[in-house]
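Below you'll find the structure, written out as structure tokens, and then a few comments.
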2 protein chains.
Amino acid sequence: MAHRTRQRKAVQEVFDSADGPLLPEEILELAQPRCPTLGAATVYRTLRLLRERGAIREVVMPDQRVRFENVGPHHCHFHCRVCDRVFDVPGCRTVGSPRESRIPGGFRVEGRKVLLRGVCAVCR
Amino acid sequence: MAHRTRQRKAVQEVFDSADGPLLPEEILELAQPRCPTLGAATVYRTLRLLRERGAIREVVMPDQRVRFENVGPHHCHFHCRVCDRVFDVPGCRTVGSPRESRIPGGFRVEGRKVLLRGVCAVCR
DNA sequence: AAGGTATTGATAATAGGTTCTCATTATCAT
DNA sequence: ATGATAATGAGAACCTATTATCAATACCTT
């Protein structure tokens, strides 16, 4: 039986108010004000639990670090090279030629990802 | 002084005939027919050397593994979920709205990456 | 060809991130 | 409230990828 612990509520609240995918370390820092005793192991356990439930998913950016976000509508991600944070870009679409016929050689395309890099509004 | 060793030539030849970014492990396997004594440490050393020279660059895919490719014109990457290999997709463009004004909130976009996922021609 | 030096290969060591362990604590059903 | 049990926190352990070590070897200049 899954308990509604303060730790799990805190992690969920962090996800619900996030503006982009978060590192485990960021989740820990953001959740600690709501749950001061929270430890890293519990963050990792909660991430696994939420991922198994299909509530969150992994996002891997070119910095090779794994971030997590609530499962939701597709969107692009923006990685700020200054503060190293990742933001959702909800309005971002990969428009143009989404037809798979564009891909030569018989590749079957099942999904796509668009990653932007630059400087975020805060760091400019 | 940099020596033209058989090991380095073999690694360079592997890059030159690759059809996509390669894992260090893949480089080792592909280069060993040309240089049977080649070891993993030398592959890593050569990768660092080539990267410092600006000859190759890292490519990170959602499987969290670092691959390397020759520096060249921009292109998309296709990751086969069956064989786990990554292929270049030279004809792939992120067309549509490359204008940075499209990004809300004052983000300055300096680069973009498009990753495709699916099944490659061989695995279909 | 020979010597100086860069490079190699095998292995140990490292590093970072994640998971495990286990005694303690919190949650939930009663 | 109470008891059964799930969850927690601290740290150890683990895992994988990469780097360092060092004696042996290969390369390049002479």
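Here is how names work: the chains are called A, B, and so on, in the same order as the sequence lines, proteins then strands, and each is numbered from 1.
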Original post:
Does A/R65 get its side chain close enough to the base of C/dG16, under 3.5 Å, for a donor-acceptor pair?
Top reply: no
Original post:
For A/A40, which contact category applies under a 4.0 Å heavy-atom criterion: base, sugar-phosphate, or nothing?
Top reply: nothing
Original post:
Below 4.5 Å, heavy atoms only, C-beta onward: do B/H79 and B/L116 meet side chain to side chain?
Top reply: no
Original post:
Do the side-chain N or O atoms of A/T5 get closer than 4.0 angstrom to the phosphate oxygens (OP1, OP2) of D/dT8?
Top reply: yes
Original post:
At under 4.0 Å, does any side-chain N or O of A/R8 touch on OP1 or OP2 of C/dT27?
Top reply: no
**OP:** Rounded to the nearest angstrom, tell me the gap between atom CD in A/Q32 and atom P in D/dA10.
**Re:** 9 Å
Original post:
Should A/L49 and A/R8 count as side-chain neighbours, where that means a heavy-atom distance under 4.5 Å?
Top reply: yes
**OP:** Give the cluster check for A/V114 versus B/V89: same hydrophobic cluster or not, with ILVMFWY residues linked at side-chain heavy-atom distances below 4.5 Å.
**Re:** yes
**OP:** Please tell me which of B/G39 and B/Q64 maps to the more 5' nucleotide of DNA chain C, matching each residue to the nucleotide holding its nearest heavy atom.
**Re:** B/G39
**OP:** Find the distance B/R6:CZ to D/dA26:P and express it as a whole number of Å.
**Re:** 8 Å
**OP:** Take the protein atom CZ of B/R45 and the nucleotide atom P of D/dC22, then report the distance between them rounded to whole Å.
**Re:** 14 Å
Original post:
Heavy atoms under 4.0 Å, any strand shown: does A/R48 hit a base, just sugar-phosphate, or nothing?
Top reply: sugar-phosphate
Original post:
Is A/T42 near enough to D/dG9 that one of its side-chain N or O atoms lies under 4.0 angstrom from OP1 or OP2?
Top reply: yes
Subject >> First encountered from the 5' end of DNA chain C, between A/Y44 and A/Q7 >> reply: A/Y44
**OP:** Compare all side-chain heavy atoms of B/R117 with those of A/V109 and state whether any distance is below 4.5 angstrom.
**Re:** no
